[in-house]
Asks: 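Dropping a structure here in structure tokens format, bear with me for questions.
What you see below is based on every heavy atom in this structure, not just the backbone, and it leaves out hydrogens, waters and symmetry mates. Chain naming here is simple, since letters A, B, ... match the order of the sequence lines and numbering starts at 1 in each.
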Amino acid sequence: MSGDHSHNEDQVMLKVFYNHKDKYKEREHKHKDHKKDKEREKSKYGNSDHKDSSDKKHRDKEKEKMKHKDGSTDKYKEKHKEKRKEEKSLDERIKKEKENGFASPPYMKSEPEHDFYHSPKHEKTLKRERDDDNEVQNWSSVFAVISLYVFVKDFKSKKTKHKKEEVTDGKKKAKKEPEEKWKWWEEERYTDGVKWKFLEHKGPVFAPPYEPIPSNVKFYYDGKHMKLSPGAEEVATFFAKMLEHEYTTKDIFRKNFFKDWRKEMTSEERAKITDLKKCDFTEMSEYFKAQSEARKSMSKEDKQKIKEENERILQEYGFCIMDNHKERIANFRIEPPGLFRGRGDHPKMGMLKRRIRPEDIIINCSKDSKVPEPPRGTKWKEVRHDNKVTWLVSWTENIQGSIKYIMLNPSSRIKGEKDWQKYETARRLKKCVDHIRAQYRDDWKSKEMRIRQRAVALYFIDKLALRAGNEKEEGETADTVGCCSLRVEHIKLYPENEGQEYVVEFDFLGKDSIRYYNKVPVEKRVFKNLQLFMENKEPDDDLFDRLNTSILNKHLQELMDGLTAKVFRTYNASITLQQQLKELTTAEDNIPAKILSYNRANRAVAILCNHQRAPPKTFEKSMQNLQSKIDAKRDQLADAKRELKSAKADAKVRKDEKSKKAVESKKKAVQRVEEQLMKLEVQATDREENKQIALGTSKLNYLDPRISVAWCKKWGIPVEKIYNKTQREKFAWAIDMADDDYEF
DNA sequence: GAAAACACTTAGTATTACTCAA
DNA sequence: TTGAGTAATACTAAGTGTTTTC
């Protein structure tokens, strides 16, 4: 967790911040020019009392808008209006038909029958269920619908493919493109807090039971061999497996581990093993290393077998049926026992994460679904049917006492809808951000301390994309902060620094104990306020002592429906991407150069959001490799040019067709090599700039995918160059709906 | 109204799978 | 065919923000 920025990186960072600041100024300017707009906005949002009825009406209206149509998608929705009309009437028909509360489908698509996926497994289940009179009706109707309309994730299964082809052949060939994906974004959403109407799954996959190590792999205490009881041995292996890791050198880790380990020992063991330093795990560690080596060098067939088994488990447990669609589950495996690996200086690192048993598990599914079977001889803690939540399985973890969940994959409807909604909220912020900014600037002058604090904090959240900063229980987690929980010790004020006025230096550990370091010039008022907030305080006192996240969010909620601190991060990230893309993309550039521009825009966002990574272990080496490739390519280019030159000379003398052709082909060769060289150089630049910056987090969580999709469409870049397969699945909605002129 | 519980998103790292040059 | 390097995926910790409880 270094987080130490080099000078260079600081500059990059500052550059982006300055950019940001300039843009902000620009916006302010615009703001002045549009006083009328401002006035309108003001009346729209009010400025003191937000509880007046017109305001409420407005908010309700906004809410309504969000529910049914999102500004951006007007055009898009229009496209599908017709279709939906059709579907809706069907919907109603079906609703009337099924009123017994089970998985009645929202509607049925008028898809050709041959387009369905009928897994052999379903057939089986269906047959089994037919034996049960009570359920026959439910099941047959459910499956009738499912068969008509199941979202098919993977058609690769041979049987299915075969079946499908048969049917397709029997009917018209028109529907050749088979992978018809379910476009949930073309459908109505639930608006009443209901997350689903039907949910069925097979429950979690438990961690494999402990396999004792062979008796020749020994554990030594104080130099003497000691056979451990199975319970103590298992925990010992957890430590042994981590022996190479830095964790095991840390005092807290060792202390916590030892304490928990002793709890698992028999009383004899406990009496004997009193000092971790005297424990010798090396044989165990070697054994596991050898095992993983063996796994690597397994025969192809064996590897294939394992792969097939994993695939089987995935097929059985990795999917659920939610509202007539087969959806992928994200984490269907229960976390195996082990030693807790908290990040940063976590006071609980090294503690034993205990094994989760069926008795710890709460299953969530619909009443009319087939409840998953617990492993033989066990039972679930509870089975509930709560369709106001999205999780399938939950358990309480023993380190922090928090609840863990099994939920759906990001490609699922339930996650996608939420994600889409998130960006729509951010776009609504775009519409009123000028007003909000004007307001908090005004609040810097407030007579009330709490309001000034709120306004300065909000300024940081907006300008620097800081996280909200909830309070944390002391001693339970690593000491990290966000905006509202900043302490006096985390900032330094410089009336003047390196030629700039009113500079604030931030230095603190944020989420995941990643260091945030930044020097920013701020407005005089902010600076003066900060001086005031810090007066007569100790370094470990709260900077904003009259503020917390719930006060801040309550305030934001009044400014805009659905507005919270984190919306600013989404908004600023997405708007920055859009602006940077506009700024950096050059029409004349070729595709690799354009992609470099994209990555740079993405990088600007990652820097803004402080998304860091440890430089890859192989970084230097891979850079060297790339450099030697570049050198080789340069040599090749020189050769090609030489050859072209001589060919030209040759052609001048001979003046025949053959030599002219030779010149042409040499020219082309030069061009080709030049292109290759450029590609490599671009790659090197990209990689170098990316050394400590993680692009993935912002790409996945902060950047409205429609911006990227639109950019791809506009410049003719294949979307595969920007999003890999998983990302394309997650953003299928955006890829489908964004046109090249999409504006965030 | 504060604390605790809950639900869900965001985050970096470890592991695995894939790719491509030798 | 192999294995090094890289990309993708899996994993799970650590946040945010809402709801429930006391």
Asks: Considering heavy-atom distances to DNA chain B, does Trp391(A) or Tyr247(A) have its closest nucleotide positioned more toward the 5' end?
Replies: Trp391(A)
Asks: Taking CG from Leu695(A) and C1' from dA7(C), how many angstroms apart are they, rounded to a whole number?
Replies: 13 Å
Asks: Within this structure, what is the CG-to-C1' distance between Leu703(A) and dT9(B), rounded to whole angstrom?
Replies: 15 Å
Asks: For Trp391(A), run the ring pair (Phe, Tyr, Trp, His ring centres under 6.0 Å) check against Phe332(A), Tyr405(A), Trp196(A) and tell me which one passes.
Replies: Tyr405(A)
Asks: Would a distance-only check, ignoring hydrogens and angles, find a side-chain to backbone donor-acceptor pair under 3.5 Å from Asn548(A) to Ile551(A)?
Replies: yes
Asks: For Tyr190(A) and Asp323(A), test the side chains for any donor-to-acceptor distance below 3.5 angstrom and give the result as yes or no.
Replies: yes
Asks: Strictly below 4.0 Å: does His245(A) bring a side-chain N or O up to OP1 or OP2 of dT13(B)?
Replies: no
Asks: Between Tyr247(A) and Arg341(A), is any side-chain donor less than 3.5 angstrom from a side-chain acceptor?
Replies: no
Asks: Between dC8(B), dT10(B), dG12(B), which nucleotide gets closest to the side-chain atoms of Lys195(A)?
Replies: dC8(B)
Asks: According to the side-chain hydrogen bond (donor to acceptor under 3.5 Å, both in side chains) rule, which pairs have a member within residues 346-360 of chain A, sequence neighbours left out?
Replies: Glu234(A)-Arg355(A), Glu335(A)-Lys353(A), His346(A)-Gln400(A), Lys348(A)-Glu476(A), Arg354(A)-Asp360(A), Arg357(A)-Asp360(A)
Asks: Sequence neighbours left out, what passes ring pair (Phe, Tyr, Trp, His ring centres under 6.0 Å) with Tyr317(A)? Give chain and number order.
Replies: none
Asks: Where the side chain of Asn364(A) meets the backbone of Asp386(A), is there a donor-acceptor pair that is under 3.5 Å apart?
Replies: yes
Asks: Pull out every residue in residues 334-342 of chain A that has a heavy atom closer than 4.0 Å to any atom of DNA chain C, ordered by number, or say none.
Replies: Glu335(A), Pro336(A), Phe340(A), Arg341(A), Gly342(A)
Asks: Taking 4.0 angstrom as the limit, do Lys296(A) and Glu293(A) come out as a salt bridge?
Replies: yes
Asks: With Asp635(A), which residues qualify under side chain to side chain donor-acceptor pair (under 3.5 Å), at least two apart?
Replies: none
Asks: So if I take every side-chain heavy atom of Asn701(A) and compare against dT9(B), dA7(B), dT10(B), which nucleotide ends up nearest?
Replies: dT10(B)
Asks: Among all residues two or more places apart in sequence or in another chain, which pass the side chain to side chain donor-acceptor pair (under 3.5 Å) test with Glu308(A)?
Replies: Gln304(A)
Asks: Is the closest side-chain donor-acceptor distance between Glu417(A) and Gln421(A) under 3.5 Å?
Replies: no
Asks: Rounded to the nearest Å, what distance is computed from the CD atom of residue Glu476(A) to the P atom of nucleotide dA3(B)?
Replies: 15 Å
Asks: Answer yes or no: is there a donor N or O on one side and an acceptor on the other, between the side chain of Asn701(A) and the main chain of Thr697(A), under 3.5 Å?
Replies: yes
Asks: Using a cutoff of under 3.5 Å, can you pull out all pairs of nitrogen or oxygen atoms linking the protein to nucleotides 1-5 of chain C, with atom names and distances?
Replies:
from   : atom 1 : to        : atom 2 : distance (Å)
dG5(C) : OP1    : Lys621(A) : NZ     : 2.9
dG5(C) : OP2    : Lys621(A) : NZ     : 3.2

Asks: So, OP1 or OP2 of dA11(B): does either fall under 4.0 Å of a side-chain N or O from Arg467(A)?
Replies: yes
Asks: Let's see if you can work this out: which of dT13(B), dA8(C), dA11(B) has an atom nearest to the side-chain heavy atoms of Ala614(A)?
Replies: dT13(B)
Asks: Round to the nearest Å and state the distance from Gln692(A) atom CD to dG12(B) atom P.
Replies: 12 Å
Asks: Taking the side chain from Glu244(A) and the backbone from Ser285(A), do they hold a donor-acceptor pair closer than 3.5 Å?
Replies: no
Asks: Between residues 392-408 of chain A and DNA chain B, which residues have a heavy-atom gap below 4.0 Å?
Replies: Ile403(A), Tyr405(A), Met407(A)
Asks: Supply the atom-to-atom distance Leu556(A) CG to Leu458(A) CG, rounded to the nearest 0.5 angstrom.
Replies: 5.5 Å
Asks: Expressed as a whole number of angstroms, how long is the span from Leu700(A):CG to dT12(C):P?
Replies: 18 Å
Asks: For Ile514(A), is there any backbone N or O sitting under 3.5 Å from a side-chain donor or acceptor partner on Asp512(A)?
Replies: no
Asks: Nearest-nucleotide wise, let me know which of Gln727(A) and Met623(A) is further upstream toward the 5' end of DNA chain C.
Replies: Met623(A)
Asks: How would you label the contact of Gly510(A) with the nucleic acid (heavy atoms, under 4.0 Å): base, sugar-phosphate, or nothing?
Replies: sugar-phosphate
Asks: Using a heavy-atom cut-off of 4.0 Å across all strands, would you classify Ala330(A) as base, sugar-phosphate, or nothing?
Replies: nothing
Asks: Can Ser698(A) and Asn602(A) be counted as having a side-chain donor-acceptor contact under 3.5 angstrom?
Replies: yes
Asks: What residues form a side chain to side chain donor-acceptor pair (under 3.5 Å) with Asn470(A), not counting sequence neighbours?
Replies: Thr549(A)
Asks: What contact category does Lys353(A) fall into here, base, sugar-phosphate, or nothing, at under 4.0 angstrom with non-hydrogen atoms?
Replies: sugar-phosphate
Asks: Please figure out whether Asp386(A) or Arg613(A) has its closest DNA chain B nucleotide nearer the 5' end.
Replies: Asp386(A)
Asks: Evaluate Ser708(A) against Tyr598(A) for side-chain hydrogen bond (donor to acceptor under 3.5 Å, both in side chains), listing each step before the verdict.
Replies: CA-CA 9 Å; Ser708(A) 302; Tyr598(A) 179 90; 2.7 Å; yes
Asks: Test of understanding: with side chain to side chain donor-acceptor pair (under 3.5 Å), list the residues that count as partners of His490(A), not counting sequence neighbours.
Replies: none
Asks: Of the non-hydrogen atoms in Ile461(A) and Leu552(A), which two are nearest, and what is the gap between them?
Replies: CD1-CD2, 3.5 Å
Asks: With 3.5 Å as the limit, what N/O pairs link the protein to nucleotides 17-19 of chain C?
Replies:
from    : atom 1 : to        : atom 2 : distance (Å)
dG17(C) : OP1    : Thr564(A) : OG1    : 2.9
dG17(C) : OP1    : Ala565(A) : N      : 3.2
dG17(C) : OP1    : Lys566(A) : N      : 2.7
dG17(C) : OP2    : Asn553(A) : ND2    : 3.1

Asks: Just call it for Lys296(A): base, sugar-phosphate, or nothing, with non-hydrogen atoms closer than 4.0 Å on any strand.
Replies: nothing
Asks: Rounded to the nearest Å, what distance is computed from the CZ atom of residue Arg343(A) to the P atom of nucleotide dT10(B)?
Replies: 16 Å
Asks: Quick check on dT10(B): is either OP1 or OP2 less than 4.0 Å from any side-chain nitrogen or oxygen of Lys422(A)?
Replies: yes
Asks: So which of residues 355-363 of chain A are in contact with DNA chain C, with a heavy-atom cut-off of under 4.0 Å?
Replies: none
Asks: So which protein nitrogen or oxygen atoms get under 3.5 Å of nucleotides 16-22 of chain B's nitrogens or oxygens?
Replies:
none

Asks: Atom NZ of Lys511(A) and atom C1' of dG12(B): how far apart are they, to the nearest Å?
Replies: 9 Å
Asks: Apply side-chain hydrogen bond (donor to acceptor under 3.5 Å, both in side chains) to His325(A) and Arg413(A), showing your working.
Replies: CA-CA 9 Å; His325(A) 295 274; Arg413(A) 183 215 98 219; over 6 Å; no
Asks: Distance check: side-chain N/O of His346(A) vs OP1/OP2 of dA13(C), anything under 4.0 Å?
Replies: no
Asks: What is the separation between atom CZ on Arg328(A) and atom C1' on dA8(C), rounded to the nearest whole Å?
Replies: 12 Å
Asks: Counting only side-chain nitrogens and oxygens, does Lys725(A) get under 4.0 Å of the OP1 or OP2 atom of dA8(C)?
Replies: no
